[in-house]
Amino acid sequence: MKMPAFAAAKIFRSASRHRLYSSFHKIMDNLAPPKAGARAASSFVFDKAFVNGEWVAASSGKTFEVVNPANGKVIGSVPDMDAADTEKAVQVAYKAFQSWKETTAKERAALLRRWGELVHENKEELAKLLTSEMGKPLAESVGELNYGAGFLELFAEEAKRVEGDIIQTPIKTRRLLVLKQPIGVSGMITPWNFPNAMITRKAGAAIAAGCTVVLKPAEDTPYSALALCDLAKQAGIPAGVLNVVTSSRDNASQVGKVLCKSPLVTKLSFTGSTFVGKLLLEQCASTVKKVSLELGGNAPFIVFPSADVDAAVLGAMGAKFRCSGQTCVCANRFYIHESIYDEFVQKFGATVEKELRMGDGTAPGTTQGPLINKKAVEKIEAQVQDAVGKGAKIVCGGKSTGGNFFEPTILMGVTDDMRCAKEENFGPIAGVIKFKTEEEVVALANATSSGLAGYFYSRDLGQIWRVAERLETGLVGVNEGVISVPDAPFGGWKESGLGREGGRYGIDEYLEIKYVCMGGL
């Protein structure tokens, strides 16, 4: 028997008086009920920010609305915090750091592991929340929750693997040691396209290392961040270790400036556009912060003549159209050898038309949700119009269907001077370009200031080694279109970023190295 929504809300009311049960609650009631032992999605909707283990409003009392991109309806509102609110959160995090850094790796690991377990136990309900504010289909949202919980599990393990070193001394009376210690308060700014996993990937590493966190989530998707705070508190993570300040686009710059310029913040991690990343890097220079940046991409997807074309098409579907093309590692430029160009385009187009269905992410059968907002739609429309105006042909799709939806689109006859090839798409369009030789296509693939991800398909072993080594990207998918896993390092070359997240390398971003010379021995 399904538990009534009001009863579920009553059970968890003690956790916060600030949950919203209005339109979102009604929408969620129309979906499948929570599994046994899981909380209802509506119990994760909070209308306050999270600082020092408490739900708090903006000091100004101002709020901003969060909108479902699939239907334009308001989900609710959250605090519109400003610089003063952020400074208070930084001070809280700095105070908490003084005790958190003294905890053992085993203690931190246990808390992170429990946090990850809670995310996993409630993933179906958290996915409903994520879909409502970001738009991706429920199946993709569940996938993101698994991905996000994976980072908490990983960093629970990596917390206990932070090890120093003993260096052989050239002087008999000395001993030379290397220690690794937490860097301090870590400021974080996360994107809307992965509102759960980008938080766990950053905050999980920082907390595992012994750091405390002040995080600003994207204004489009604050609810997933606040839900994670609630579960972190439930897991036993102490007050002040994880703090989330929410702000509208109007206040985002002043919140970011505090995180960049405060002398109490010793580390900044940002995922977002290259333009904003450069601004933050400039601002961090004033306090010489350690900075991690995961910025924009312009990923090539190359199919060589030896490739399995059917496998390449399948890989292209995942590399291009997951999250409606709104990921930084989505394939942006499709380079297909001239001998298999027509075959690939035909099969790619047929698969898109057969497999992809646009709609509200909560609707059964939906594979393509909306773009995040109207501005994103307008950008894609402009890129398609530019390509067609310069001679490209539309294989399928090619237009907006209203609201924030844009049809999955394939363009053939694309050239490198078209906007869809030069700019990051961040939408569901695939421009397909011919090439003749390996040397030519590798040069074209590398002819960009971005260097995040690259993909290629080949069954020539020598070619696989050569191209994998020559692509100027931080991530390379060989005969695979979806390659990100918590266990592997994630990050870009060139203007696609600094540092690495995930894997055993991710925790190093939150550690300082100290050399200790012990003399008189």
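Residues take their numbers from the sequence shown, with the count starting at 1.
For Lys106 (side chain) and Lys160 (main-chain N/O), no donor-acceptor pair under 3.5 Å exists by modelled atom type. Here the side chain of Asn373 pairs a donor or acceptor atom with the backbone of Lys375 at under 3.5 angstrom. In this structure, Gln254 contributes its side chain and Ala83 its backbone to a donor-acceptor pair below 3.5 Å. Asp47 places no side-chain N or O within donor-acceptor distance of the main-chain N or O of Val78, the cut-off being under 3.5 Å. One N or O on the side chain of Asn425 and one on the backbone of Cys420 form a donor-acceptor pair closer than 3.5 Å. Side-chain atoms of Glu144 come within 3.5 Å of backbone atoms of Asn196 as a donor-acceptor pair (strictly under, hydrogens ignored). At least one donor-acceptor pair closer than 3.5 Å links the side chain of Ser273 to the backbone N or O of Val276. Gln383 contributes no side-chain N or O that, together with a main-chain N or O of Lys379, makes up a donor-acceptor pair within less than 3.5 Å.
A salt bridge is absent between Lys290 and Glu512: the closest approach of a Lys/Arg side-chain nitrogen to an acidic carboxylate oxygen does not fall below 4.0 angstrom. A salt bridge does not link Glu509 to Arg500: none of the charged side-chain nitrogens sits closer than 4.0 Å to a carboxylate oxygen. Salt bridge status for Lys202 with Glu294: absent, with no side-chain N to carboxylate O gap under 4.0 Å. A salt bridge links Glu125 to Lys128: one of the charged nitrogens lies within less than 4.0 Å of a carboxylate oxygen.
There is a side-chain donor-acceptor pair under 3.5 Å between Ser292 and Lys267. A donor-acceptor contact closer than 3.5 angstrom links the side chains of Asn298 and Asn332.
Atom NZ of Lys514 sits in a sparse spot, with 12 or fewer heavy atoms from other residues, nucleotides or ligands closer than 6.0 Å. Annotation for Lys95: atom NZ does not count as buried by contact number, only 12 or fewer foreign heavy atoms lying within 6.0 Å. Within a 6.0 Å radius of OH in Tyr147, more than 12 heavy atoms belonging to other residues, nucleotides or ligands are found. Shown here is Lys494, whose NZ atom has more than 12 heavy atoms of other residues, nucleotides or ligands within 6.0 Å. The 12-atom threshold is not exceeded at CZ of Arg504, counting heavy atoms of other residues, nucleotides or ligands nearer than 6.0 Å.
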Any chance you could lay out the side-chain contact (heavy atoms from CB on, under 4.5 Å) test for Glu424 and Cys328, step after step, and finish with the verdict?
CA-CA 8 Å; Glu424 184 176 27; Cys328 53; 4.2 Å; yes
Dump the intermediate steps for side-chain contact (heavy atoms from CB on, under 4.5 Å) on Glu495 and Thr448, then the final yes or no.
CA-CA 9 Å; Glu495 293 186 14; Thr448 172; over 6 Å; no
Tyr335 and Ile433: side-chain contact (heavy atoms from CB on, under 4.5 Å), yes or no, with the steps?
CA-CA 5 Å; Tyr335 292 107; Ile433 306 168; 3.7 Å; yes
Trace of the side-chain hydrogen bond (donor to acceptor under 3.5 Å, both in side chains) decision for Lys289 with Thr287:
CA-CA 6 Å; Lys289 282 182 178 45; Thr287 50; 2.6 Å; yes
In sequence, state the C-alpha distance, the side-chain angles, and the governing distance for Leu242 and Trp115, and then conclude on side-chain contact (heavy atoms from CB on, under 4.5 Å).
CA-CA 12 Å; Leu242 176 64; Trp115 189 15; 3.8 Å; yes
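How far OG1 of Thr200 is from CG of Leu231: 12.0 Å, rounded to the nearest 0.5 Å. Atom NZ of residue Lys216 and atom OG1 of residue Thr86 lie 9.5 Å apart, to the nearest 0.5 angstrom. Rounding to the nearest 0.5 Å places CD of Gln368 at 9.5 Å from CG of Leu371. The NZ atom of Lys101 sits 12.0 Å away from the CZ atom of Arg108 when rounded to the nearest 0.5 Å. To the nearest 0.5 Å, atom CD1 of residue Ile302 and atom OG of residue Ser458 are 10.0 Å apart. Taking OH of Tyr455 as the start and CZ of Phe334 as the end, the distance is 9.5 Å to the nearest 0.5 Å.
Evaluated for a ring-ring contact (aromatic ring centres under 6.0 Å, His included) with Phe301, the options Phe321, Phe456, Tyr457 yield exactly one hit, Tyr457. When each of Glu107, Glu153, Glu121 is tested with Arg114 by the rule salt bridge (charged side-chain N to carboxylate O under 4.0 Å, His left out), just one qualifies, namely Glu121. Of the listed residues (Thr246, Asp82, Asp80, Asp85), just one forms a side chain to side chain donor-acceptor pair (under 3.5 Å) with Asn251, and that residue is Asp80.
Considering every non-hydrogen atom in both Val244 and Pro217, the closest pair reads CG1-CD, 3.7 Å.
Under the 4.5 Å side-chain criterion, counting only non-hydrogen atoms from C-beta, Phe44 is not in contact with Leu226. A heavy-atom distance below 4.5 Å is found between the side chains of Leu264 and Gln91. Counting heavy atoms from C-beta on, the side chains of Phe270 and Leu295 come closer than 4.5 Å. Residues Ile507 and Arg161 form no side-chain contact, since every pair of their non-hydrogen atoms from C-beta on lies 4.5 Å or further apart. Trp192 is listed as a side-chain neighbour of Gln326, based on a closest heavy-atom distance under 4.5 Å. In this structure, the side chains of Phe50 and Asp230 stay at 4.5 Å or more apart for every pair of heavy atoms. Annotation: side chain of Leu111 is not in contact with side chain of Thr103 (no heavy-atom distance under 4.5 Å). Side-chain contact between Pro300 and Leu444: absent, with no pair of heavy atoms (C-beta onward) separated by less than 4.5 Å.
Cation-pi geometry between Lys136 and Phe194 is met: the NZ or CZ atom falls under 6.0 Å from the ring centre, inside 45° of the normal.
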